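Read the structure below first, then the notes.
Only heavy atoms go into these numbers, but all of them, side chains included; no hydrogens, no water, no symmetry mates. Quick caveat, the model's predicted, so the values are computed rather than measured. Counting begins at 1 with the first residue of the sequence.
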Amino acid sequence: MSKPVVLLFEPIHSQAVELLAQHAEVRMADSLEPEYLLNNVSEVQGIIIRANGKVDRGLMEASPNLKVIARHGTGVEAIDLYAAQELGIKVVNTPEANVESVAEQCLGMMIILAKRILQADRDLRNGDWDSRYRLTGVELLGKTLGVVGIGRIGYRVAELCHRGLHMPVLYYDIVSNPEAEQGLGAVRVELEQLLETSDFVSIHLPLVPATREIINAQALNRMKSSAFLINSSRGAVVDQAALILALQHGTIAGAGLDVYASEPLPANNPLLQLENVVVTPHMAAHTEEALLRMAMIVEDVIAVLEGDEPKNPVLAG
């Protein structure tokens, strides 16, 4: 009996591929262009998607045998959930796999910005020892952290900052978080108050219509001129043009960005010319440990293909 076919949109950790290959025929997409995918999914029973590509209704309908769509990571905005539900296709993801890696990167960006580490590094490499007299940073100890969206990652960022650096925590979310309030002393406030009060604002929101460009020019103007913005969620939750202006004009002190309105970030983007910005190429989750945990979404793919229930369903199909 032939094995079911699982299509990988992008490479995943080799240990996970080895496990999947014991249960399925693993195929790697040569292209993520829609035309190529439509012509190569007729036999596919499982799809594993990472950060790139889309699984829309057309692709699902071109895959009559499709049983499961797996997201290597958390966000499922590239998957048409309504179509999947209508067609009885299970959707699964790894909601906890990258929590630690992303949270640590957020804290790292705060420290790099506050201590002006990148600027000092560049100056010293250029022979400018005297930059030590010009580059004065600030401490994080006791500064106020504002968390916009306090899900798993937002909570872990708050925990690291509060327990490690005694930072008071404010949070904005559509629902309250009793665990954060009781365990970290976090206070739920409106977004406007959070922006006006926080020294560091860390964004952890899914991209949905209500969150698109929620951090716009008006929001940035509410922030302290000494405050830093960190975004490791989705680029489009921030109005990037407004952010660039705010950084250029000193409306805020700086920003740490792992995600962008358009990816990959164009080489001529003004963000790349600003000294008060730390930029990384959407890789906050890319630690050895997290990549393996995310790749083990194959366990849920195997479960569905063999008629069992997955551990982390987004949709039950």
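Counting heavy atoms from C-beta on, the side chains of V148 and L205 come closer than 4.5 Å. Between I203 and I214 there is no side-chain heavy-atom pair separated by less than 4.5 Å. Within the 4.5 Å cutoff, the side chain of V44 has no heavy atoms near those of the N65 side chain. Inter-residue side-chain proximity for Q45 and L305 is flagged as met; some heavy-atom pair is nearer than 4.5 Å. P11 places a side-chain heavy atom less than 4.5 Å from the side chain of M28.
With sequence neighbours left out, the side-chain hydrogen bond (donor to acceptor under 3.5 Å, both in side chains) criterion links N177 to no other residue.
The list of salt bridge (Lys or Arg N to Asp or Glu O under 4.0 Å) pairs with a residue in residues 160-171, not counting sequence neighbours, reads E159-R163. Among residue pairs with one or both ends in residues 238-256, none qualify as salt bridge (Lys or Arg N to Asp or Glu O under 4.0 Å); sequence neighbours excluded. The stretch residues 61-73 participates, sequence neighbours left out, in these salt bridge (Lys or Arg N to Asp or Glu O under 4.0 Å) pairs: R57-E61.
From F200, atom CZ reaches atom CE of M109 across 13.5 Å, with rounding to the nearest 0.5 Å. With rounding to the nearest 0.5 Å, the separation of CZ in R156 from CG in L160 is 4.0 Å. The distance from atom CD1 of I252 to atom CG of L229, rounded to the nearest 0.5 Å, is 5.0 Å.
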Please determine whether salt bridge (Lys or Arg N to Asp or Glu O under 4.0 Å) holds for the pair R234 and E77, giving the CA-CA distance in whole Å, both sets of side-chain angles, and the decisive distance to 0.1 Å. CA-CA 10 Å; R234 290 293 180 265; E77 64 271 10; 2.4 Å; yes
Apply side chain to side chain contact (heavy atoms under 4.5 Å, CB included) to L141 and H166, showing your working. CA-CA 6 Å; L141 184 69; H166 305 290; 3.7 Å; yes
Chi angles and distances behind the side-chain hydrogen bond (donor to acceptor under 3.5 Å, both in side chains) call for T280, D258: CA-CA 5 Å; T280 53; D258 186 52; 2.6 Å; yes
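For the pair R27 and E43, the salt-bridge criterion is met [side-chain N within less than 4.0 Å of a carboxylate O]. Using a cutoff of 4.0 Å between basic side-chain nitrogens and carboxylate oxygens, R125 and D121 are scored as salt-bridged.
Just one of V187, V147, L145 meets the side chain to side chain contact (heavy atoms under 4.5 Å, CB included) condition when paired with Y171; it is V147.
Membership of an apolar cluster is not assigned to L135, as no side-chain contact below 4.5 Å to another ILVMFWY residue is traced. Hydrophobic side-chain contacts under 4.5 Å tie I174 into a cluster, directly or through other members, with V175.
Other residues, nucleotides and ligands place more than 12 heavy atoms under 6.0 Å from the CZ atom of R188. The environment of E306 atom CD is dense: over 12 non-hydrogen atoms of other residues, nucleotides or ligands sit within 6.0 angstrom. At most 12 heavy atoms of other shown residues, nucleotides or ligands fall within 6.0 angstrom of atom CD in E33. The 12-atom threshold is exceeded at NZ of K224, counting heavy atoms of other residues, nucleotides or ligands nearer than 6.0 Å.
In this structure, S198 contributes its side chain and L195 its backbone to no donor-acceptor pair below 3.5 Å. The closest donor-acceptor contact from the side chain of N269 to the backbone of L265 lies at 3.5 Å or more, if one exists at all.
In summary, the side chains of S131 and Q119 do not present any donor paired with an acceptor at a separation below 3.5 Å, with no hydrogens or angles considered. Residues N231 and S233 bring a donor and an acceptor atom of their side chains to less than 3.5 Å of each other. H13 and E288 share a side-chain donor-acceptor pair at under 3.5 Å.
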